[in-house]
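The structure appears below as structure tokens.
What you are looking at is a predicted structure, and each value in this text was computed from that prediction instead of being measured.
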Amino acid sequence: MKSRIILFCLAFLVWVLLTWPVDPQHLAVGIFVCGLAAFITGDMFVKRPHAFKQASRYLWFLYYTPLFIWECIKANIDVAYRVIHPDLPIKPGIIKIKTKLKSDTALTFLANSITLTPGTMSVDIDEDEGILYIHWINVQDQDIRKATEIIAGKFERILARIFE
Amino acid sequence: MNETLGVIFIVIGVGFDFFGCLGLLRLPDVYNRLQAATKCVTLGTCSILFGLILYKGFGPAGIKAVLCIIFLLLTSPVAAHALARGAHKSGVKLCKGSVCDKYEEDKK
């Protein structure tokens, strides 16, 4: 039940922002549609509703956002440099890294963060053993432990505090 | 002032989008191309939308731009991930200069 209420609130927030400025007609339709969606799919959305109450998770998320944007900008300059360089300095390969994160949301965010940060893109994930296969445009180290430290080290600790 | 800043961000965004497309043409195989396509095009488009927010302010258009940025950041890596995984499953090889392919080794 709690999961449904959380989903309803989030969906309704997105609906209100989409139909800005606020108008009673839109609100009525929104309540109906969000209620239907929350009723049908609500029990799949959140597995642990109590996690939404802990304030420290939001603070860590606020810390994570600027870090992520900075890495994202660095990634872009890196790719742009490789693309316009006449010799095309790439050394691609698929390596694997091992992560300690367990929950679905945390793994999704880790994979997304890896994709948007310099030179790396997640290809597949082995949930049982916590192994991610990463395509790296400039392979620096094929060893699983060192690669984990280089690629996921920064994000893993913060994401563990937000989602685990 | 805000309008000038907005136009600057839009120009930066168009620039990054251009590099992304150039990467699509120049890089050798599907995985490298996806790298250029996801990174540059995501941030380029986000930058254009951010420029729009500065230009228009937080009116109806600005708020929709914020939503677009959030959904782009959430969905475009997932799309790239699905494409790369699908390409690898259907047997697309890495390009010639590739160093290693641990995924292929593990699949056997």
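The cluster map of Ile, Leu, Val, Met, Phe, Trp and Tyr, joined by side-chain heavy atoms under 4.5 Å apart, puts Ile70(B) and Val16(A) in the same cluster. Hydrophobic clustering of Ile, Leu, Val, Met, Phe, Trp and Tyr side chains at less than 4.5 Å, counting indirect connections, keeps Trp15(A) apart from Phe8(A). Linking Ile, Leu, Val, Met, Phe, Trp and Tyr whenever their side-chain heavy atoms come within less than 4.5 Å leaves Leu24(B) and Leu22(B) in two separate clusters. Hydrophobic clustering places Leu110(A) together with Tyr63(A) (ILVMFWY residues linked when any side-chain heavy atoms are closer than 4.5 Å, directly or through intermediates). Note: the hydrophobic cluster containing Leu49(B) also contains Leu17(A) (ILVMFWY, side chain heavy atoms under 4.5 Å, direct or indirect links).
Within the 4.5 angstrom heavy-atom criterion, only side-chain atoms of Phe16(B), from C-beta onward, approach chain A. In this structure, chain B has no heavy atom under 4.5 Å from any part of Ile69(A). Looking at Leu25(B), there are no atoms closer than 4.5 Å to chain A (heavy atoms on both sides), in backbone or side chain.
For the set Leu74(B), Thr38(B), Val66(B), the entry with the most heavy-atom pairs within less than 4.5 Å of chain A is Leu74(B). Looking only at heavy-atom pairs under 4.5 Å with chain B, the residue among Pro92(A), Ser113(A), Ala111(A), Gly93(A) that has the most is Pro92(A). Heavy-atom pairs under 4.5 Å with chain B peak, among Thr108(A), Val14(A), Thr120(A), at Thr120(A). Between chain A and the options Lys64(B), His81(B), Gln35(B), Arg85(B), the largest number of non-hydrogen pairs under 4.5 Å is found for Gln35(B). Of the listed residues Val123(A), Asp78(A), Asp126(A), Ile84(A), the one with more heavy-atom pairs under 4.5 angstrom with chain B than any other is Val123(A). Chosen from Pro60(B), Cys40(B), Ala84(B), the residue pairing most often with chain A at heavy-atom distances under 4.5 Å is Cys40(B).
Between Leu34(B) and Met121(A) the shortest side-chain heavy-atom distance falls below 4.5 Å. Two residues are said to be in side-chain contact when any heavy atoms from C-beta on lie closer than 4.5 Å; Leu116(A) and Thr42(B) meet this criterion. Within the 4.5 Å cutoff, the side chain of Val79(A) has no heavy atoms near those of the Phe19(B) side chain.
Within 6.0 Å of OH in Tyr64(A) there are more than 12 heavy atoms belonging to other residues, nucleotides or ligands. Dense packing is recorded around NZ of Lys74(A), with more than 12 heavy atoms of other residues, nucleotides or ligands lying under 6.0 Å away. The local environment of OH in Tyr58(A) is crowded, with over 12 non-hydrogen atoms from other residues, nucleotides or ligands closer than 6.0 Å. Within 6.0 Å of CZ on Phe12(A) lie more than 12 heavy atoms contributed by other residues, nucleotides or ligands.
Taking CG from Asn76(A) and CD1 from Ile12(B), the interatomic distance works out to 11.0 Å, rounded to the nearest 0.5 Å. In this structure, CZ on Arg82(A) lies 10.0 Å from CG on Asn32(B), to the nearest 0.5 angstrom. For the atom pair CD1 (Ile63(B)) and OG1 (Thr19(A)), the distance works out to 9.5 Å, reported to the nearest 0.5 Å. Separating the CG atom in Leu67(B) from the CG atom in Leu18(A) is a distance of 5.0 Å, to the nearest 0.5 Å.
The closest donor-acceptor contact from the side chain of Lys39(B) to the backbone of Ile77(A) lies at 3.5 Å or more, if one exists at all.
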